[in-house]
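Worksheet: the structure to be examined is printed underneath.
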Amino acid sequence: MLPRELEQEIAAMVRDTDHVEEKIIDVIYLLQRHFGYFSDEAMGHAARLTGKTEVELEELATFYDFIYREPLGRFVIHVCDGVACWMHHENGLFDYLCRKLGVAVGETTPDGLFTVLPTACLGNCHNAPAMLVNGEHYGRLTPEKVDRILEELRENADTIPLCLCR
Amino acid sequence: MSEQVLFKNRRADCRPASLADYRAGGGYDGLIQAVRTMTPDDVIKEVMDSGLRGRGGAGFPTGRKWSFVRKDAPHPRYIQCNTDEMEPGTFKDRILVNTDPHLVIEGIVLCGYAVQADHGVFFIRPSYDADARLLERELDVAREAGFLGRNILGSDFSFDIDVHRSAGRYICGESSAQANAIMGKRPNPDKNSHMTDSGLWGLPTVVNNVETLASVPAILRNGVEWFKSLAASPTGDGTKLYSVSGEVAEPGCFELPGGTRLGDIIFGAAGGMLPGAEFKTCLPGGTSTSFVAREHLETPMDFDSMKKAGLSLGTGSVIVFDRNTCLVQATINILTYFARESCGWCTPCREGIPYMKHILERIEAGEAGERDVALLQRVADGMQHAYCGFAPGAAMPVHGLLNHFRDEVREHLGGRGCPFKGAGVVKPGLWTTLDRDAAHPDAAHRDTDSGDADAEGRDG
Ligand code: SF4
Ligand code: FES
């Protein structure tokens, strides 16, 4: 069961469009945010609400990098591995984050708070090395800045609303 | 500073210009003039005469593209405004949207008027979610003010814009792939149909980049001659946003006369190299362009001059490399990106890019010889047979490496491996120590894009 509000929001979205296909990604995003990832259950709801088959949805879900078919942390740390960030030692940033959080790239911390993922250029190359967390861009990173950011997110984990694109 | 057309309303405090700010500088006057006194054909002619060319990388004349929409073409017609911008090194559209959202909106509406379109779709990548929210808000403001929606400014022209959030993947920047993405299909490119005949939902669709569309309002306001006079080179047409990243002192996005010399962008606008760094090469237009030789620093950065020099302007995103950066390693990084982002539709791209990467990794490890370099060349040449422009683009840095830095590649061969590894190579941009703000206090005013690098290190 979906919360009534979410069910209605999605139903309205589907009703108000000429082409339901145009709204599929938005529907997936809403469900993904609700379930934390695009789970099988979320997929079922998406299929039911858009009238698409699960195969059609899976075809999209497996193609895009901001749709997650596996559980992940409350905060996804998208670390840029583009060449400008690479030049400013993105490697060291991955290393530092993973050591600090005790995870490997792609893994989630045991407390369920953080997942570290490599991401295509974030459009913040002049502030390399850069990362994106919950829709927020962070750049010109140093170990001290990373510490502060993690601290801030950890402290406010209960109150920070999750952005649509995770 | 040369004339700022696109960044006219760029503010020191990073706040995006409001409708009032935009109006104060003549914003929407172009649209008012167009719907009241010009026919759609007048608008197309004006844009055609201005020489404006697509800023997304392809450089196709904008007015000509618009003129392809037949007068008797069916409705609804669509405008796709491309803000995918996922190529490493490229961030101009993000800055532009954050600087002056209404400039972009007016550009889309004008394009809509010119081809008598009904809907605009603002296609935006997921990592720009904050920008998507900003645009949604400002679209409401524009609607409220009568610049968007039904019967714009009391005319019989109606046009509205939606924001479409992408879920990621670089191939979505390709116009037909983008149309597929919007239509909820897997975003493979489709080279069989012309977008202006049969794009979104099988209807006429014009796809333009954000920067291209944002250049249109001022052309209508100030005229063709003025626009041409902004450029530094005969075919530079107007101003151009150049984004500079890498080992320079003041990386950022700069609006300069179109056709500004590459060297002036790096050593002028971007403040030259970082302390301790020495220029080796750059990718002049994003990662799907070629590494350049030193003498190319003299080349004007416009489509024609770059082409004449055997290069391409791409998005005008200059990524600068230091003498101590191994270009084999850099190319491996770039190919890793392209291999991951390939849509996988056709074999040359799906198989060829990982193969080039594999050969380069063997070169890097000292396990390769001359024959491997020849093989790398052959595979790179083969990329032109791929289905879309993605694969030939991915091969460009490889061509640059082999054309201009073959000696550096050779130093890796015959069991020697990377000459840049090991002691004695000091990297100027170490992330643990790189605090640009401390090193260059006067550079701070340049970072007007979305408030980067404040005390929290946050720049969202
Ligand atoms: S060249 Fe690459 S991106 Fe283009 S269609 Fe082929 S596989 Fe897809
Ligand atoms: S290369 Fe890292 S943000 Fe662009």
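Just so we're on the same page: letters track the sequence lines, and every chain starts at 1.
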- Message: Is Asp322(B) in contact with chain A via its backbone, its side chain, both, or neither, using a 4.5 Å heavy-atom distance?
- Response: neither
- Task: Examine whether an atom of Ile334(B) lies under 4.5 Å from a heavy atom of chain A, and if so say whether it belongs to the side chain, the backbone or both; otherwise answer neither.
- Result: side chain
- Residue Leu93(A) versus chain B: region with a heavy atom under 4.5 Å: both
- Item | Proximal component of Thr287(B), with respect to chain A [non-hydrogen, under 4.5 Å] | side chain
- What part of Glu341(B) gets closer than 4.5 Å to chain A, counting heavy atoms only: side chain, backbone, both or neither? side chain
- Segment of Asp81(A) engaging chain B (4.5 angstrom heavy-atom cut-off): both
- Message: Report which part of Met86(B) has an atom under 4.5 Å of a heavy atom belonging to chain A: side chain, backbone, both, or neither.
- Response: both
- Message: Is Lys185(B) in contact with chain A via its backbone, its side chain, both, or neither, using a 4.5 Å heavy-atom distance?
- Response: backbone
- Heavy-atom proximity to chain A below 4.5 Å, by part of Leu200(B): neither
- Task: Can you tell which part of Cys343(B) gets under 4.5 Å to a heavy atom of chain A, answering side chain, backbone, both or neither?
- Result: both
- Note on the structure: When the 4.5 angstrom heavy-atom criterion is applied to Pro143(A) and chain B, the contacting part is both
- Item | Side chain, backbone, both or neither of Ala181(B) within contact of chain A (heavy atoms, under 4.5 Å) | both
